[in-house]
Amino acid sequence: MNLDLNRITEKIEQNDFIKNFIKELSEALENFSHKKELKGKKMDDIKLTQEEDLEFYRKKSNFLQEYFKDELADLSKGEIFLVTNKYENDYEYHRYKIAQYRENKEYKYIAFEKELPTNVQLGDVVRKINGKYIYDEQATRTCE
């Protein structure tokens with residue numbers, strides 16, 4: 001099969017519609033790549049104004065309230081919690097703070113490291129099933 005790429009390239013270069021499309025596509029991909037780089041940054045690296053910070057907190061809280069409301073409506077997959085913090089200098093008990101969002105409030109609980117899944121990270125979502133905490137990868141990605 002003879003594709004004659006030189007001729008195809010020449011025809012593309014002559015067509016304004018295709019040239020404009022390729023240019024717009026390149027710009028869109030570059031813009032998308034830039035946004036993805038921003039997403040990859042840690043929130044600590046992004047400086048927000050006080051108003052932006054408050055709005056971010058409000059939206060995050062609303063999202064978590066709605067998400068947990070849906071998840072807690074059906075406990076067949078277990079009770080859901082978000083790992084929010086770790087007690088510093090707690091060398092004896094190794095405690096974590098976990099939270100549950102319902103009724104427009106954040107309910108805070110304590111979980112011991114030995115109860116939680118191995119290598120649990122802050123921001124991970126865990127479910128309590130029959131008294132045991134299980135890591136929920138899908139819920140963690142959703143809450144990120």
Side-chain angles (χ1 to χ4, degrees), residues 1 3 5 8-144:
M1 176 192 287
L3 294 177
L5 293 177
I8 292 172
T9 306
E10 189 177 296
K11 290 284 185 187
I12 289 173
E13 288 174 353
Q14 293 172 0
N15 189 322
D16 286 338
F17 174 78
I18 293 176
K19 281 196 303 189
N20 290 336
F21 173 77
I22 291 173
K23 181 181 176 191
E24 285 182 38
L25 180 61
S26 296
E27 290 170 358
L29 289 173
E30 188 175 314
N31 197 9
F32 174 76
S33 175
H34 177 67
K35 284 181 182 176
K36 194 167 184 161
E37 286 174 17
L38 285 177
K39 276 187 180 178
K41 287 185 177 182
K42 293 181 181 174
M43 281 305 296
D44 296 338
D45 297 341
I46 299 173
K47 303 295 181 218
L48 299 176
T49 66
Q50 188 174 3
E51 292 82 20
E52 290 171 331
D53 192 44
L54 187 58
E55 182 64 19
F56 174 77
Y57 179 77
R58 227 183 262 122
K59 285 184 178 185
K60 177 182 173 184
S61 179
N62 289 341
F63 169 79
L64 289 171
Q65 288 291 336
E66 285 301 312
Y67 186 74
F68 273 66
K69 180 181 174 184
D70 293 342
E71 292 296 312
L72 290 169
D74 176 17
L75 295 178
S76 64
K77 295 187 290 182
E79 199 173 1
I80 188 169
F81 297 90
L82 178 67
V83 180
T84 59
N85 209 338
K86 184 176 183 179
Y87 284 90
E88 290 185 31
N89 304 320
D90 181 14
Y91 303 113
E92 184 177 352
Y93 299 110
H94 305 282
R95 295 173 295 176
Y96 280 83
K97 294 177 184 177
I98 58 175
Q100 202 173 65
Y101 300 86
R102 61 182 192 273
E103 301 160 2
N104 293 322
K105 294 180 185 168
E106 178 185 44
Y107 291 85
K108 297 178 182 181
Y109 302 92
I110 295 173
F112 296 95
E113 186 174 50
K114 64 183 178 187
E115 298 174 324
L116 294 169
T118 308
N119 299 324
V120 71
Q121 302 289 317
L122 299 183
D124 285 351
V125 174
V126 294
R127 292 186 183 271
K128 192 172 188 179
I129 304 171
N130 297 326
K132 184 175 180 177
Y133 292 100
I134 309 292
Y135 173 71
D136 187 332
E137 182 179 356
Q138 182 178 354
T140 297
R141 278 189 270 142
T142 301
C143 289
E144 283 179 338

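Note that the numbering runs from 1 along the sequence shown for the chain.
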With sequence neighbours left out, what residues match [X] under salt bridge (Lys or Arg N to Asp or Glu O under 4.0 Å)?
| X | answer |
| --- | --- |
| Lys69 | none |
| Arg95 | Asp90 |
| Lys97 | none |

Applying the side-chain contact (heavy atoms from CB on, under 4.5 Å) test to Phe68, which of Arg102, Gln100, Glu103 qualifies?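 Among Arg102, Gln100, Glu103, the one that satisfies the side-chain contact (heavy atoms from CB on, under 4.5 Å) with Phe68 is Gln100.
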Just grab all the side chain to side chain donor-acceptor pair (under 3.5 Å) pairs involving residues 111-123, residues at least two apart or on different chains.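 Every pair satisfying side chain to side chain donor-acceptor pair (under 3.5 Å) with a residue in residues 111-123: there are none.
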Gap separating the [atom1] atom of [X] from the [atom2] atom of [Y], nearest 0.5 angstrom:
| X | Y | atom1 | atom2 | value |
| --- | --- | --- | --- | --- |
| Tyr87 | Ile110 | OH | CD1 | 3.5 Å |
| Gln65 | Asn104 | CD | CG | 5.0 Å |
| Glu79 | Lys77 | CD | NZ | 14.0 Å |
| Ile98 | Leu116 | CD1 | CG | 6.5 Å |
| Lys108 | Thr84 | NZ | OG1 | 7.0 Å |

Quick one: ring-ring contact (aromatic ring centres under 6.0 Å, His included) pairs with a partner in residues 107-131, sequence neighbours left out?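 Found Phe81-Tyr109.
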With sequence neighbours left out, what residues match [X] under side chain to side chain donor-acceptor pair (under 3.5 Å)?
| X | value |
| --- | --- |
| Asp74 | Ser76 |
| Glu66 | none |
| Tyr101 | Glu106 |
| Thr49 | Glu52 |

Looking at every heavy atom in both Leu82 and Gly123, which two are closest together, and how far apart are they?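 Smallest heavy-atom distance, with atoms named: CD1-O, 3.3 Å.
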Looking at residues at least two apart in the chain, or sitting in another chain, which of them share a ring pair (Phe, Tyr, Trp, His ring centres under 6.0 Å) with Phe63?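 Only Tyr67 meet the ring pair (Phe, Tyr, Trp, His ring centres under 6.0 Å) criterion with Phe63.
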Result block: side-chain N/O donor-acceptor pairs under 3.5 angstrom for residues 53-61, not counting sequence neighbours:
from, atom 1, to, atom 2, distance (Å)
Glu55, OE1, Arg58, NH1, 3.0

Taking only distance into account, with no hydrogens and no angle test, what donor-acceptor pairs under 3.5 Å do side-chain atoms of residues 129-138 form with protein atoms, sequence neighbours excluded?
from, atom 1, to, atom 2, distance (Å)
Asp136, OD1, Gln138, N, 3.2
Asp136, OD1, Ala139, N, 2.9
Asp136, OD2, Arg127, NE, 2.5
Asp136, OD2, Arg127, NH2, 3.2

